[in-house]
Amino acid sequence: MTAQTINTISEFLLQAGTEYRVYDMGRGIEKLDNQTFVDLENNLMPVPCPRAGQAWFGVVFWNKQLSHEQYIWFVKIPIDERSLLSQAARNQFLEAVVTALGNNLERTKETGAQLPDNPYIFTPSQQQLADFNALIRKELLLSARLGLSKAVAYLKAPSVLPWEELALQDIADLAVHIERKDIEQALHNNLDKLPFQVLTALCSSFENIRIDAALTDRLIQLFENAEFAEIQHMVLRGLKNSIARDLVKQFLHELIAQGEPDVECLVIIAGRHFRQLSDDSLLVDYLVKVIESDPALQLFRGIYTDLVQVPETRFALLSLMRRNDLPEPLAQAIATLYENASMLKSAS
């Protein structure tokens, strides 16, 4: 087997005898089923959560016949203007894998599946790495870390135990087990008593799990009463995967229409609540608020360019060009955006 005879990462992992899981890490961490990843690799569908012109994946794989260990690659692959994976870049990544680990991953154990530096691997932030490890540990039914018990004990008595003894990983492990009744009750009792450092880490972890309506409502209250902008930012991220979608949409409507979200909040809405922005009314109000925050339109251009790559918001954004009832600032901003794009195309 050589890189030339393998068409996809999926095919390579299967032919090497491994089981694997793939997570989209472009805008939070979202599990992809294996068939979806196959379709992405074959350009049968666009990347759902691209960021900065790239698709970002966490790939976990293992071979039970050879080892009990799991191995992880963090892979970023460029996308084209339709948000489809670059086949050439994906193939170059595969060549790097075969060169480093062998045609059948036979050098995986001795190398720890480490790949040499190449343009297609990335290192997640400490927060994202902790969240990823917590999610895959639960997904693969691995035994809980000792730090989870310590985190649960702290959550039950935050005024008694020192938060400094908690690792970021402990808090991430706590978040993914939120369905446990003792954790749910402790959160209900003590969420507003947590210190800034624990609260922000916990809310950041919430963005990757499904939270219920009760916790969603508590987080919205935390946002409204927050003393620090950083808490608002993390709470906003933590609401990303709430099952109470309508409640979050109402909150975003009110925040944009009546509140004064700072630039970071506006960026987080684009990055984490992009699915809500497929609603035309919310999208228009949001973009107007973006323009008000930066009349020079630098922020607007950046967010528009980002969201037009996302399949769930692309159509809504492009359809704005055909509307004649937009607020004047937004109509002018879109016209300026496309005039500049036309000038650049003509110059080239």
Side-chain angles (χ1 to χ4, degrees), residues 1-61 71-101 103-105 113 115-116 118-122 124 128 132 136 139 208 270-272 274-275 277-278 302-319 321 338 341 344-345 348:
M1 187 191 308
T2 66
Q4 286 71 34
T5 62
I6 300 169
N7 295 318
T8 66
I9 297 171
S10 306
E11 182 182 343
F12 177 78
L13 291 172
L14 287 172
Q15 292 192 38
T18 72
E19 297 180 54
Y20 67 94
R21 301 283 189 277
V22 181
Y23 296 80
D24 189 323
M25 300 181 69
R27 298 169 183 269
I29 304 173
E30 300 185 7
K31 183 183 175 183
L32 299 174
D33 65 64
N34 288 356
Q35 185 57 52
T36 296
F37 188 59
V38 169
D39 290 345
L40 289 173
E41 288 204 80
N42 287 311
N43 283 170
L44 297 178
M45 61 183 294
V47 174
C49 301
R51 175 170 52 86
Q54 308 262 0
W56 306 76
F57 300 118
V59 182
V60 186
F61 63 94
Y71 302 98
I72 301 172
W73 294 329
F74 294 110
V75 185
K76 60 176 182 176
I77 299 176
I79 58 172
D80 65 15
E81 69 280 357
R82 296 171 297 168
S83 299
L84 298 175
L85 283 181
S86 165
Q87 300 285 292
R90 190 274 318 283
N91 292 343
Q92 289 173 8
F93 170 75
L94 271 176
E95 290 176 4
V97 170
V98 170
T99 299
L101 304 180
N103 293 337
N104 290 291
L105 294 174
L115 299 174
N118 67 75
Y120 309 113
I121 57 176
F122 71 96
Q128 198 173 33
F132 187 82
I136 63 173
E139 166 75 17
N208 303 306
R272 295 300 187 264
F274 57 94
R275 292 186 176 96
L277 294 177
S278 60
I303 285 177
Y304 188 98
T305 301
D306 174 57
L307 288 176
V308 82
Q309 291 186 327
V310 179
E312 290 195 55
T313 51
R314 179 186 292 123
F315 178 79
L317 282 169
L318 295 178
S319 67
M321 294 177 57
Y338 281 91
L344 287 173
K345 186 176 293 186
S348 61

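In this structure, the ring of F61 has its center less than 6.0 angstrom from the ring center of W73. Proximity of the aromatic rings of F57 and Y23 is defined here by a centroid distance below 6.0 angstrom, and this criterion is not met.
Residues passing the side-chain hydrogen bond (donor to acceptor under 3.5 Å, both in side chains) test with T36, sequence neighbours excluded: D33.
Residues S83 and R314 bring a donor and an acceptor atom of their side chains to less than 3.5 Å of each other. Side-chain contact annotation: N91 with Q87, donor-acceptor N/O pair under 3.5 Å absent. S278 and E312 share no donor-acceptor pair across their side chains, judged by distance under 3.5 Å alone.
Taken to the nearest 0.5 Å, the CG atom of N43 stands 11.0 Å off from the CD1 atom of I79. A distance of 9.0 Å separates CG in L94 from CG in N7, rounded to the nearest 0.5 Å. A distance of 8.0 Å separates CZ of R51 from CZ of R27, quoted to the nearest 0.5 Å. In this structure, L32 CG and M25 CE are separated by 11.5 Å, a value rounded to the nearest 0.5 Å. To the nearest 0.5 Å, atoms CH2 (W56) and SG (C49) are separated by 13.5 Å. Put simply, CD1 on I29 and CD on Q128 are 5.0 Å apart, with the number rounded to the nearest 0.5 Å.
The shortest side-chain heavy-atom distance between I77 and V47 does not fall under the 4.5 Å cut-off. The shortest distance between side-chain heavy atoms of P78 and P119 does not fall below 4.5 Å. Contact annotation: the side chain of I136 approaches that of I72 to within less than 4.5 Å [non-hydrogen atoms, C-beta and beyond]. L115 has its side chain within reach of N118: a pair of non-hydrogen atoms, C-beta onward, lies under 4.5 Å apart. Contact check for Y71 versus T18: no side-chain heavy atoms found under the 4.5 Å cut-off. The shortest side-chain heavy-atom distance between L105 and L13 falls under the 4.5 Å cut-off. For the pair I121/K76, no side-chain contact is recorded, criterion being any heavy-atom separation below 4.5 Å from C-beta on. The shortest side-chain heavy-atom distance between P48 and D24 falls under the 4.5 Å cut-off.
Across all non-hydrogen atoms, the minimal contact from S10 to F37 is OG-CD2, 3.2 Å. Between L277 and A270 the shortest heavy-atom distance is CD1-CA, 4.2 Å. Closest of all the heavy-atom pairs between F74 and G58 is CD2-CA, 4.0 Å. In this structure, L85 and A55 approach most closely via the heavy-atom pair CD2-CB, 3.6 Å. Residues E41 and I9 approach most closely at OE1-N, 2.7 Å, considering heavy atoms. A52 approaches D306 most closely through the heavy-atom pair N-OD1, 4.5 Å.
In this structure, T99 contributes its side chain and A96 its backbone to no donor-acceptor pair below 3.5 Å. Put simply, the side chain of R82 never gets that close to the backbone of Q309: no donor and acceptor are under 3.5 Å apart.
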request  = May I have the step-by-step check of side-chain contact (heavy atoms from CB on, under 4.5 Å) for Y20 and V60, ending in yes or no?
outcome  = CA-CA 5 Å; Y20 67 94; V60 186; over 6 Å; no
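Salt-bridge formation is not detected for the pair R21/E30: no Lys NZ or Arg NE/NH1/NH2 atom is positioned less than 4.0 Å from an Asp or Glu carboxylate oxygen.
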